[in-house]
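These notes concern the structure reproduced below.
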Amino acid sequence: MDLRFTDEEIAFRQEVRDFIAKELPAETRERMVAGRSPTKQQVVDWQRKLNARGWAAPEWPKEAGGPGWTLAQRYIFREELQQAPAPSPLGFNINMCGPVIIEFGTEEQKRKYLPRMLNLDDWWCQGFSEPGAGSDLAGLKTRAVREGDHYVVNGQKTWTTLAQHADWIFLLVRTDPAAKKQEGISFLLCDMKTPGITVRPIITIEGGHEVNEVFFDDVKIPAENLVGEENRGWDCAKFLLGNERFGQARVGASRERIRRLKVIAQESMDGGRPLMEDPDFRRKVTEIEVELKALEMTVMRVIATESKRKDKKPDPATSVLKIKGTEIQQMCSELLMKAAGPYAWADGDPDEEDGSNEVDVAPDWAFGLAGVYFNWRKQSIYGGSNEIQRNIMAKAFLGL
Amino acid sequence: MDLRFTDEEIAFRQEVRDFIAKELPAETRERMVAGRSPTKQQVVDWQRKLNARGWAAPEWPKEAGGPGWTLAQRYIFREELQQAPAPSPLGFNINMCGPVIIEFGTEEQKRKYLPRMLNLDDWWCQGFSEPGAGSDLAGLKTRAVREGDHYVVNGQKTWTTLAQHADWIFLLVRTDPAAKKQEGISFLLCDMKTPGITVRPIITIEGGHEVNEVFFDDVKIPAENLVGEENRGWDCAKFLLGNERFGQARVGASRERIRRLKVIAQESMDGGRPLMEDPDFRRKVTEIEVELKALEMTVMRVIATESKRKDKKPDPATSVLKIKGTEIQQMCSELLMKAAGPYAWADGDPDEEDGSNEVDVAPDWAFGLAGVYFNWRKQSIYGGSNEIQRNIMAKAFLGL
Amino acid sequence: MDFDLTEEQRLLQDSVARLLGNKYGFEQRKGYMKSADGWSREVWSQYAELGLLGLPFGEDEGGFGGGPVETLIVAEQIGRYITLEPWMSTVVIGGGFLRHGASQELRNELVPQVASGEMLLAFAQVERQSRYDLFDVATTAKKDGDGWVINGRKGYVVHGDSADRLIVTARTAGDRRERKGIGVFLVDAKGPGVERRGYRTVDGQRAAEVELSGARAVAVLGNPEDGLPLVDQVVDECIAALAGEAVGAMQAVHDMTIDYMKTRQQFGRPIGSFQALQHRAADMLVALEQSRSMSYFAAMSAAERNPVERRKAMAAVKVQIGRSARFVGQQSVQLHGGIAMTIEYAAGHYFKRLTVNDAMFGDADHYVRDLSETGGLVAAA
Amino acid sequence: MDFDLTEEQRLLQDSVARLLGNKYGFEQRKGYMKSADGWSREVWSQYAELGLLGLPFGEDEGGFGGGPVETLIVAEQIGRYITLEPWMSTVVIGGGFLRHGASQELRNELVPQVASGEMLLAFAQVERQSRYDLFDVATTAKKDGDGWVINGRKGYVVHGDSADRLIVTARTAGDRRERKGIGVFLVDAKGPGVERRGYRTVDGQRAAEVELSGARAVAVLGNPEDGLPLVDQVVDECIAALAGEAVGAMQAVHDMTIDYMKTRQQFGRPIGSFQALQHRAADMLVALEQSRSMSYFAAMSAAERNPVERRKAMAAVKVQIGRSARFVGQQSVQLHGGIAMTIEYAAGHYFKRLTVNDAMFGDADHYVRDLSETGGLVAAA
């Protein structure tokens with residue numbers, strides 16, 4: 001048992017850190033420090049810088065355009081991005097659709113899509129969830145009927161994150177309605193410019209536009225856009241979802257939030273002294289720091305185990321990472337809001353490109369923090385709600 | 001809406017308080033302040049003093065020997081006893097078996113048992129729970145077979161509190177094994193000296209002897225000891241359990257514990273100052289005080305509603321009282337243990353009559369507090385576990 | 001001890017419930033939010049007709065003669081429909097300052113205007129450094145002839161953008177965090193030296209950032225050298241009303257959640273049949289019932305004469321209500337799942353209102369500290 | 001980064017597990033508890049044979065040459081079987097003082113005796129007023145000729161009744177709560193001026209109250225004028241071992257609970273089929289896994305050279321382990337129901353051990369305060 005990073009890994013961390021320090025635009029960083037999402041252009045620019053360096057897809061194999069890193073390197077890389085903070089490589093491209101194509105796609109599909117994914121020439125989005133399906137993903141109803149060399153798709157997807165930016169969508173459709181629930185599903189790729197697609201924004205409670213409904217009305221998708229076999233799309237979905245091994249822990253991101261929290265709580269006065277000196281507030285911050293340290297060690301355990309695993313089954317510890325990771329992130333957002341006090345409550349979409357504290361109704365460091373808190377309640381709902389994670393642990397791991 | 005006590009009620013409280021101040025033996029009080037249960041003799045003596053004053057059975061109707069109090073008076077009386085602290089009237093006699101006899105018993109049974117119950121000439125115990133039944137009380141298996149003018153009882157009861165002190169036991173037995181679960185049960189009264197009864201102590205985790213197993217081996221119980229009709233004993237049981245309206249809140253008892261806690265946390269040094277001045281400890285105490293104040297108001301709401309209710313159905317708020325009441329009591333016991341620090345950990349049965357800190361291994365105020373904490377974990381298990389209470393709320397009240 | 005409403009109180013409750021039932025559907029509310037004021041003048045005039053705007057004033061001066069229980073009744077309905085009108089600012093806070101701090105002459109002038117709905121009031125108290133300390137006041141009031149001239153900056157002035165008069169705390173003497181030397185002044189919101197920047201708050205209400213540059217007070221409320229006890233009293237009365245609002249909102253969102261759990265299907269059955277979610281709903285009910293109890297305690301304590309006891313009681317109220325509101329709000333969203341994350345669904349709006357309600361005049365954490373520093377509710381013995 | 005055990009470590013783990021599997025059934029344990037010592041001399045001699053008593057000493061001096069990982073491995077097994085022998089007192093704490101504080105001569109004399117099981121040590125540190133502050137020492141040591149004479153009273157001396165030597169903290173200079181002026185002394189437990197009153201603690205272990213009246217030290221450990229850094233270091237190593245013990249105990253009681261949930265029937269089905277209880281079990285597993293992670297962090301940090309960083313790390317360890325142990329312990333009892341409340345069932349004994357484990361050298365609340373006062377783990381930026 002040796003619980004430290006190797007010298008090579010420590011050197012690698014420095015290399016990543018130096019790269020970020022040199023290449024990350026200050027504006028992107030500042031926007032993210034304020035708790036806002038980077039703009040589309042900021043994400044694209046950054047992805048291209050990573051791609052130029054060969055770092056666009058940390059988890060991809062070398063032959064597909066990845067850097068060929070060990071798990072520890074991937075972890076270090078992502079952690080450094082998160083705590084910079086810098087945008088992560090676009091998840092839809094790099095962690096969702098890309099790996100599915102690498103695993104199940106034809107050579108033709110690989111050639112066509114992967115390089116453009118890496119360079120963010122195409123922005124992808126995910127068409128999985130449907131209204132009414134919720135945690136029961138396999139209950140999806142969107143139909144695809146084969147007609148000649150096309151599928152004709154009808155139905156509706158929802159919670160489609162950043163569909164408004166997307167050039168392409170990968171989606172699950174039902175190709176055999178007579179089959180049992182998980183069977184009869186196929187995995188398709190679709191150009192968002194195809195006639196019959198309508199994107200309608202869903203505005204979330206804090207006022208942001210991050211997710212969408214996507215309607216398919218007789219949308220013709222070329223049959224060559226099928227990934228894997230027809231009616232075997234659930235394999236792709238399971239692979240994609242199971243692929244998420246330690247990404248939901250977001251240790252680096254939470255560390256960055258705690259740093260920020262400490263700065264804000266030092267600015268914010270309470271009872272005549274900085275809030276950070278209030279024993280109760282300080283205790284709360286310390287408690288998340290402790291949880292985060294334990295989570296970091298749990299991630300490292302998962303990585304160490306993963307490197308030796310042969311099967312591709314999801315690790316039960318993944319649920320621990322999801323539950324604790326999201327609880328910590330939500331708690332950070334709550335403490336940030338609390339730290340800002342009444343000045344957190346000015347309404348404004350934190351993701352608006354123009355910002356909205358221009359009339360100066362709050363100190364800049366406080367503005368919009370309630371919105372982030374409200375928005376982050378989603379974290380315990382999506383990606384397999386934390387209740388679903390507990391079901392998984394009880395059944396798959398404890399055998400209850 | 002008028003949320004205050006009336007002048008009469010305030011005067012009544014003073015009357016009770018004066019009585020306790022005058023009559024309660026100092027030894028009894030001191031033993032209870034230390035967190036230990038009163039001895040059998042202390043309970044008996046106190047019950048007789050109450051009986052002499054006509055206060056032995058606060059909830060009984062006048063004709064049965066009760067004082068004829070309003071609900072508010074009963075609440076005030078019990079609260080004053082708890083926060084003195086003084087022993088409450090013996091629950092098995094006064095709140096369990098007595099009311100069942102008053103409601104379902106014959107005149108003969110009333111004459112025979114009630115006066116001796118009031119004066120604690122007979123100490124009763126409860127034979128309901130059985131091994132294996134747990135939260136599923138109606139699953140009981142102890143059999144009673146009618147033979148001439150007797151029932152012959154065979155089986156086992158468990159968790160029988162203070163059976164070692166008891167002269168009589170009231171018990172549920174199965175008289176018709178063919179009937180459905182809740183049917184075919186009868187309610188019997190049994191002299192503990194009847195041949196065939198064996199009492200075996202169950203020692204609880206802290207080392208105390210409070211509960212017992214009671215074995216019945218061909219025990220002959222006169223048929224006249226049947227209460228209500230044969231095979232209708234579940235009615236008695238439901239009545240008895242539903243009778244518990246606000247007793248489990250124990251607001252007065254918790255208030256007394258908080259007072260004690262504050263004294264101990266003032267004695268106990270932490271970081272060079274009294275523990276009570278530690279912001280985190282103080283916060284925890286304050287949080288229970290707040291919960292307790294809310295609970296007190298909830299009890300008063302239940303009382304006010306009860307006085308106007310015609311039906312005898314249990315109030316859903318009863319579950320709130322059980323859950324919060326026990327959570328608060330458990331938290332008090334935990335904070336008392338924490339306040340005492342390492343000196344709470346000397347082992348010793350807190351209920352031993354001789355006490356056991358005689359070799360002076362801890363300050364007297366600290367001795368045995370861990371034992372009380374361990375013992376009080378039972379509170380969220382017995383009397384319908386807190387999980388069962390949540391089931392009741394979800395089903396009976398929320399309709400889920 | 002009697003928790004039943006009197007006949008008159010029941011009528012009041014029914015009439016407010018009927019009005020809001022008709023006027024405060026979710027779509028109607030959205031419409032009000034988008035209007036220029038951010039709330040409904042029509043509803044406001046109906047408040048006036050029902051006597052809600054004169055609620056706390058004596059019948060002799062044209063009011064309704066209501067006390068803390070009546071305020072609780074109205075506040076609960078306001079929470080149930082998460083209304084947007086400036087009732088809390090104008091009637092509870094503004095009315096409180098008029099009742100406890102205004103000269104007879106000023107009352108004669110303003111009470112009828114408030115009761116009729118012509119006069120809107122807002123409380124300009126928060127400052128950038130003050131957080132939740134009512135006595136932390138940097139804004140100054142300087143004597144100038146018979147009057148007072150005010151300079152400073154106030155933030156999060158709830159409904160400050162539509163108010164006709166601002167009730168401003170300002171320092172007449174002493175250092176920024178001294179308890180003495182604070183005065184309360186009435187300022188014409190449209191008068192010279194007052195600049196307001198209105199904005200919407202996260203819970204859909206309105207507020208303003210206010211700059212005061214040589215603004216002249218039109219009246220003084222209470223003792224200009226020692227106005228803090230007056231501020232404390234009015235804020236405590238408002239805390240009692242906020243408790244009612246929170247209980248109404250918790251009840252509404254809990255009902256909504258239970259309904260959703262009964263209809264929403266997952267894995268072939270209603271999600272309300274899953275025991276883990278049932279227990280969550282039961283815990284929410286416990287939190288709600290404990291808060292309801294505490295809102296009664298708040299109404300009882302609002303009239304408490306001893307200010308130390310009153311402040312302690314209100315601190316306890318804030319702690320219980322704030323903790324419950326957080327739990328009920330968060331879990332309502334969680335039990336709904338994604339749908340409650342959208343702005344088109346009511347549950348999220350209740351969650352947001354409950355979040356802000358907790359923090360108004362200090363959140364549960366603030367008050368648990370206050371209460372613990374002053375010895376708590378139970379004396380040692 | 002590698003969490004796998006080496007071949008040698010695996011052998012160590014297996015041999016301890018095998019020994020305790022044979023010797024530490026619940027009934028056997030009860031027998032040891034009732035014996036005069038309160039633990040088993042036979043098991044102790046087998047510890048010696050396996051090298052567990054020489055674990056942390058160099059192979060050159062007759063030890064096993066183990067480091068923090070080896071300590072963790074043994075401690076986890078000790079927790080799994082909640083053993084009663086004085087291993088923590090003698091080997092982890094006593095061994096720590098010998099390794100870091102003893103002269104070569106003293107080591108030469110004592111290490112072989114400790115490793116062979118002849119010499120039992122106990123740490124006399126707690127005083128009635130000290131609570132969890134290692135530097136709060138009223139007991140005095142006065143120079144007398146070449147030696148030191150000790151006066152004072154120590155409480156909760158774990159295994160103090162069977163110890164041959166006591167390791168006593170005593171003040172050589174300064175005020176009671178000064179960090180300087182504390183010395184660490186080795187005292188013959190059976191020598192003149194030492195009075196011990198042994199007792200059983202709630203978790204079934206043994207401790208003693210010790211009165212020192214002119215007891216002469218047989219040796220000094222470390223610098224008698226500035227022994228606190230030595231105490232801190234040894235206690236930190238012990239905290240890392242306690243973390244392992246807690247993880248072992250949590251794992252055992254969690255396993256026991258899951259097994260019980262699978263077999264215990266209520267309402268016609270195993271209680272493990274109730275979702276609310278399943279989620280509780282899952283939350284316990286989260287707590288356990290987070291603690292296991294933290295026990296590795298503890299082992300990593302035990303060798304940290306910078307004492308400030310080491311103390312911070314151990315504070316974090318205590319917080320995580322303590323919170324998890326409380327939850328897992330309480331819920332194990334709750335999920336079992338009544339049966340776990342009886343002394344004849346193992347779950348309650350794990351709960352009690354976990355409760356005491358949390359509070360050894362300070363509970364989670366104590367360390368969260370310590371850590372928060374020293375700036376936490378993450379620097380602001």
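Chain naming here is simple, since letters A, B, ... match the order of the sequence lines and numbering starts at 1 in each.
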Between Gln330(C) and Gln330(A), do the side chains contain an N or O donor and an N or O acceptor separated by less than 3.5 Å?
->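 No, Gln330(A) and Gln330(C) have no side-chain donor paired with an acceptor closer than 3.5 Å.
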
What part of [X] gets closer than 4.5 Å to chain C, counting heavy atoms only: side chain, backbone, both or neither?
X	answer
Phe374(A)	both
Glu334(A)	side chain
Asp280(A)	side chain
Ile202(A)	side chain
Lys284(A)	side chain
Ala394(A)	neither
Leu137(A)	neither

Tell me, for Glu127(C) versus chain A, whether the close heavy atoms (under 4.5 Å) come from the side chain, the backbone, both or neither.
->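 The backbone, not the side chain.
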
So which part of Asp136(C) gets closer than 4.5 Å to some heavy atom of chain A, the side chain, the backbone, both or neither?
->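 Neither part, no heavy atoms under 4.5 Å.
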
Could you tell me whether a side-chain N or O of Arg177(C) sits under 3.5 Å from a main-chain N or O of Gly271(A), the two making a donor and an acceptor?
->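 At least one qualifying donor-acceptor pair exists.
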
Passes side-chain contact (heavy atoms from CB on, under 4.5 Å), Glu209(C) versus Asp360(A)? Steps please.
-> CA-CA 8 Å; Glu209(C) 182 85 0; Asp360(A) 187 21; 5.7 Å; no

For the ring pair Tyr373(A) and Phe351(C), is the centre-to-centre distance below 6.0 Å?
->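 Between Tyr373(A) and Phe351(C), the centre distance is under 6.0 Å.
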
